[in-house]
Amino acid sequence: MAISIIIVIISFLLDGILTNFLPFGVGDLSLFTPLTTLVSMVVIYQFFYHSHNQKKYLIAATITGFLYDLFYTNLLFFNSLLFFLIAYFTMILYKQIGESYIKIIFHVLIIIVSYELVTSLCIIVFNLVPISINRILYKISHSLLFNLIYAELIYIIIKLIPKKYRKVSIN
């Protein structure tokens, strides 16, 4: 449990640090749009899956989404709900496709695209800012590169950790 919390905290802080240093507006030449917190929530599910603590995973995802709202988006409960739904979708997808290096990367790809599409749909529905299909595709394509590399890195680090430390306690 401690390892999963550490991974999420580092990813959470990395989101804030990277958005300060990388240009992320439409039209910028950046290939990196960080969603490291979301990626870490997807990758750490394997801790909860093997110890059968899905309820704790959903709670952790909702709290992480709430904190993400408070610190980064100023849309109270939007990311809490979105992270909860993505965590639930992660549980279903993980049970269907399983765990391996390629499957986790494919899983992260699906989650990033889903997150970006739902966020863009909400922006369109509530008419927050003008957005077009080109902007949505631009944001998705620039989110994928960095976040897939980050998912690979986290997955490799988790697999290097001895099994006795990868268990989530039931207490």
Side-chain angles (χ1 to χ4, degrees), residues 4 7-46 48 54 57-97 99 101-155:
S4 60
I7 290 171
V8 171
I9 289 172
I10 289 171
S11 300
F12 189 82
L13 294 173
L14 195 59
D15 257 343
I17 291 168
L18 290 176
T19 54
N20 286 331
F21 293 111
L22 296 173
F24 58 92
V26 175
D28 290 329
L29 298 176
S30 173
L31 292 176
F32 309 116
T33 304
L35 292 172
T36 57
T37 307
L38 184 64
V39 169
S40 69
M41 289 305 299
V42 171
V43 176
I44 67 160
Y45 178 67
Q46 58 189 312
F48 295 92
Q54 284 81 14
Y57 176 68
L58 290 174
I59 291 169
T62 305
I63 291 170
T64 304
F66 180 73
L67 292 173
Y68 198 85
D69 279 332
L70 286 178
F71 286 97
Y72 299 129
T73 63
N74 293 330
L75 298 170
L76 198 57
F77 300 117
F78 174 72
N79 277 309
S80 327
L81 178 64
L82 203 52
F83 274 44
F84 174 81
L85 293 174
I86 286 174
Y88 188 74
F89 185 63
T90 297
M91 289 171 33
I92 292 169
L93 200 57
Y94 200 91
K95 290 176 185 173
Q96 296 296 320
I97 64 174
E99 173 194 352
Y101 177 73
I102 298 296
K103 291 176 182 177
I104 294 291
I105 298 305
F106 180 68
H107 188 120
V108 169
L109 181 113
I110 291 171
I111 295 299
I112 290 171
V113 171
S114 302
Y115 178 81
E116 292 292 352
L117 287 176
V118 169
T119 304
S120 299
L121 181 66
C122 289
I123 289 171
I124 291 170
V125 167
F126 294 113
N127 201 18
L128 298 174
V129 293
I131 194 166
S132 66
I133 299 295
N134 290 338
R135 287 184 177 186
I136 295 170
L137 293 175
Y138 179 90
K139 190 151 175 22
I140 290 172
S141 66
H142 288 73
S143 294
L144 288 177
L145 181 63
F146 176 77
N147 293 308
L148 288 175
I149 292 169
Y150 186 69
E152 290 176 32
L153 180 68
I154 291 176
Y155 185 77

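- When all heavy atoms of F12 and L67 are compared, the closest pair comes out as CZ-O, 3.6 Å.
- Within the model, atoms CD1 of I112 and CG of L117 stand 12.0 Å from one another, a figure rounded to the nearest 0.5 Å.
- We find the CD1-CG distance between I110 and L93 to be 5.0 Å, quoted to the nearest 0.5 Å.
- Within a 6.0 Å sphere centred on CD1 of I133, other residues, nucleotides and ligands contribute 12 heavy atoms or fewer.
- Residues L144 and V113 approach most closely at CD2-CG2, 4.3 Å, considering heavy atoms.
- In this structure, Y57 and F48 have tilted ring planes: the angle between them lies in the 30° to 60° band.
- Residues that satisfy the side-chain hydrogen bond (donor to acceptor under 3.5 Å, both in side chains) test with Y72, not counting sequence neighbours, are absent from this structure.
- Side chain of R135 to backbone of P130: a donor-acceptor contact under 3.5 angstrom is found.
- Between L76 and L70, some side-chain heavy-atom pair lies under the 4.5 Å cut-off.
- Inter-residue side-chain proximity for L35 and E116 is flagged as met; some heavy-atom pair is nearer than 4.5 Å.
- Contact between F78 and C122 at its shortest, heavy atoms only, is CE1-SG, 3.4 Å.
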From CA spacing to verdict: side-chain contact (heavy atoms from CB on, under 4.5 Å), I7, V43 = CA-CA 10 Å; I7 290 171; V43 176; over 6 Å; no
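- Residue pairs meeting the side-chain hydrogen bond (donor to acceptor under 3.5 Å, both in side chains) criterion with at least one partner in residues 121-134, sequence neighbours excluded, are absent.
- One N or O on the side chain of D69 and one on the backbone of S80 form a donor-acceptor pair closer than 3.5 Å.
- To the nearest 0.5 Å, the span separating CD1 on I111 from CG on N147 amounts to 12.5 Å.
- Y150 pairs by the ring pair (Phe, Tyr, Trp, His ring centres under 6.0 Å) definition with nothing, not counting sequence neighbours.
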Pair M41-T90, side-chain contact (heavy atoms from CB on, under 4.5 Å): steps then yes or no = CA-CA 9 Å; M41 289 305 299; T90 297; over 6 Å; no
Could you please spell out the steps behind the side-chain contact (heavy atoms from CB on, under 4.5 Å) verdict for Q46 and Y155?
-> CA-CA 10 Å; Q46 58 189 312; Y155 185 77; 3.8 Å; yes
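- Closest of all the heavy-atom pairs between Y94 and H107 is N-CE1, 3.8 Å.
- Interatomic distance, N79 CG to L38 CG, rounded to the nearest 0.5 Å: 8.5 Å.
- Scanning all heavy atoms of the two residues, the minimum distance from Y88 to L58 falls at N-CD2, 3.7 Å.
- Closest approach of S11 and T36 over heavy atoms only: O-OG1, 2.6 Å.
- Between the NZ atom in K139 and the OG1 atom in T119 there is a gap of 7.5 Å [rounded to 0.5 Å].
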Pair I154-S40, side-chain contact (heavy atoms from CB on, under 4.5 Å): steps then yes or no | CA-CA 7 Å; I154 291 176; S40 69; 4.1 Å; yes
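- In this structure, CZ on F71 lies 12.5 Å from CG on D15, to the nearest 0.5 angstrom.
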